[in-house]
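See below for the structure under consideration.
Atoms considered below: every heavy atom in the structure, side chains included; atoms not considered: hydrogens, waters and symmetry mates. Per chain, numbering begins at 1; letters A, B, ... match sequence-line order.
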There are 2 protein chains.
Amino acid sequence: MANDRQYLAKLQDYYARHRVLPSYASIAALVGLSSKASVAEMVMRLKAHGFVESSPDRRLKPGKRFFERPVAESVRAGLPAPASDAAPEAVTIDEHLVPHPSRSVLVTVKGDSMIDAGIHAGDVVVVEKRVAANVGDIVVAIIDNEFTLKRLDREKGHIVLRPENKAYPIIRPKDDTEIFGIVVGLFRKYR
Amino acid sequence: MANDRQYLAKLQDYYARHRVLPSYASIAALVGLSSKASVAEMVMRLKAHGFVESSPDRRLKPGKRFFERPVAESVRAGLPAPASDAAPEAVTIDEHLVPHPSRSVLVTVKGDSMIDAGIHAGDVVVVEKRVAANVGDIVVAIIDNEFTLKRLDREKGHIVLRPENKAYPIIRPKDDTEIFGIVVGLFRKYR
DNA sequence: TACGATACCGAACGATCGTTCGGGAGTCAA
DNA sequence: TTGACTCCCGAACGATCGTTCGGTATCGTA
């Protein structure tokens, strides 16, 4: 049971590389067991805890808790809590950030017009396509055939697009402006 | 080849539900073929285009292009290009952001000491645990039993932790400071 | 010391895997 | 009509799958 933690970690790494879980024989080689039977028992333990499941084809597949990453609170000093049983919180980042995959598009940010909102050039925003947006939403608008990232605001009864950077002017759209979608998430990779 | 597109869509749906690709027999039932041989040929076509691959255990696994999300360039107006053949760039966000799952921890950001680096309170950073860090890295340090997010810098030959917010002082660590890990990614959810 | 529980091994089982091969049905151009 | 090509079927193959079973080593508890 103590070792299971390490076994799981190896499986997670393998899955991260291959996007599939290996066969029992491969698992044995991977984690350092030398019998498929041992693997079967270990897998059963992981199943019992919800880390893995079986697919309809008796294939191993990640379970609910497989993707749970230790979410460290900014208080504790030692290692992050060993995920005793606390709420998983984070499933996959994908699911967390993209609730409606079929309606979503990834857009790489260019320029710094939203830098005061913490959106930098090179960041990637998750845009959910829709025509309606609320005041306060960060929207992707199409102006002169170009995507533009701005915050939607209202001014004297009219819709305006407000950049979050004092160096840029507020855009007061004429008719040729169209809302492409609203920003529902953002991510950034360092290095 | 025309049907392959639909077949792929079904596989993607299946994968979204189960996080595994089915066996050839199951694929046959799933997409409406009645011979594993037909499936094998279809799979070969998808393989050739990079949508699926084979794992070391001859298991089907998603290929590079399997997760293609439309990445819109900031030029085109209409719908994002229908994945003609351009490099998709972004795979899954998870994989993109967390290269080493077992060594990574998610930390929710509190406070605004890094706001000039575009890291706001409430953002979640992906922290890769390691003791060594380079100057310029954003690191998570443990100071007085608390996690702190700062940029690692060098000053007169000494390591210092520099906040990205003029309102905060530079921290010149004594001995009781420990690097917990470095920040490799960040994501944020709106709404 | 004795005991049950736990974690692993090693061999064997039938079931299912993906591959292979010959052939049928359809389309399109010559 | 003919031939080439694509897409699929159906049956058979050995390989590999996950499961099962008895057996061993190491614990903590009594």
Enumerate the protein-to-nucleotides 15-21 of chain D contacts in which both atoms are nitrogen or oxygen and the separation is below 3.5 Å.
unit_1: D:dC17; atom_1: OP1; unit_2: A:S23; atom_2: OG; d: 2.8
unit_1: D:dG18; atom_1: OP1; unit_2: B:R59; atom_2: NH2; d: 2.8
unit_1: D:dG18; atom_1: OP2; unit_2: A:Y24; atom_2: N; d: 2.7
unit_1: D:dG18; atom_1: O4'; unit_2: A:R58; atom_2: NH1; d: 3.4
unit_1: D:dG18; atom_1: N7; unit_2: A:K36; atom_2: NZ; d: 2.7
unit_1: D:dG18; atom_1: O6; unit_2: A:K36; atom_2: NZ; d: 2.9
unit_1: D:dT19; atom_1: OP2; unit_2: A:Y24; atom_2: OH; d: 2.9

Roughly how far apart are A:R19 CZ and B:K61 NZ, rounded to 0.5 Å?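 That separation rounds to 10.0 Å.
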Going by the rule side-chain contact (heavy atoms from CB on, under 4.5 Å), which residues pair with B:I159 if we only count those two or more places apart in sequence or in a different chain?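 Listed in chain order: B:L152, B:R154.
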Sequence neighbours excluded - side chain to side chain donor-acceptor pair (under 3.5 Å) pairs with any residue from residues 24-37 of chain B: A:D57-B:S26, B:S23-B:S26
Rounded interatomic separation in angstrom, taking [atom1] from [X] and [atom2] from [N]:
X: A:M42; N: C:dT6; atom1: CE; atom2: C1'; value: 15 Å
X: A:L46; N: C:dA7; atom1: CG; atom2: C1'; value: 14 Å
X: B:L33; N: D:dT6; atom1: CG; atom2: C1'; value: 14 Å

Find out if a path of hydrophobic residues (ILVMFWY) with successive side-chain heavy-atom gaps under 4.5 Å connects A:Y14 to B:V20. no
Using the ring of each side chain (for Trp, its six-membered ring), is A:F180 parallel, tilted or perpendicular to A:F147, with breaks at 30° and 60°? tilted
Between A:K166 and A:D116, is the closest basic N to carboxylate O distance under 4.0 Å? yes
Side-chain heavy atoms under 4.5 Å apart, restricted to Ile/Leu/Val/Met/Phe/Trp/Tyr: what other residues fall into the cluster of A:V160, or is it alone?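 For the cluster that includes A:V160, the remaining residues are A:I170.
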Cluster membership besides A:I115, Ile/Leu/Val/Met/Phe/Trp/Tyr side chains within less than 4.5 angstrom, sorted by chain and number, is none
Which dot-bracket notation, 5' to 3', represents the base pairing of DNA chain C when pairs are defined as Watson-Crick or G-U with both distances under 3.5 Å, crossing pairs as [ ], and inter-strand pairs as |? ||.|||||||||||||||||||||||||||
A:N3 side-chain N/O to C:dC8 phosphate OP1/OP2 under 4.0 Å: yes
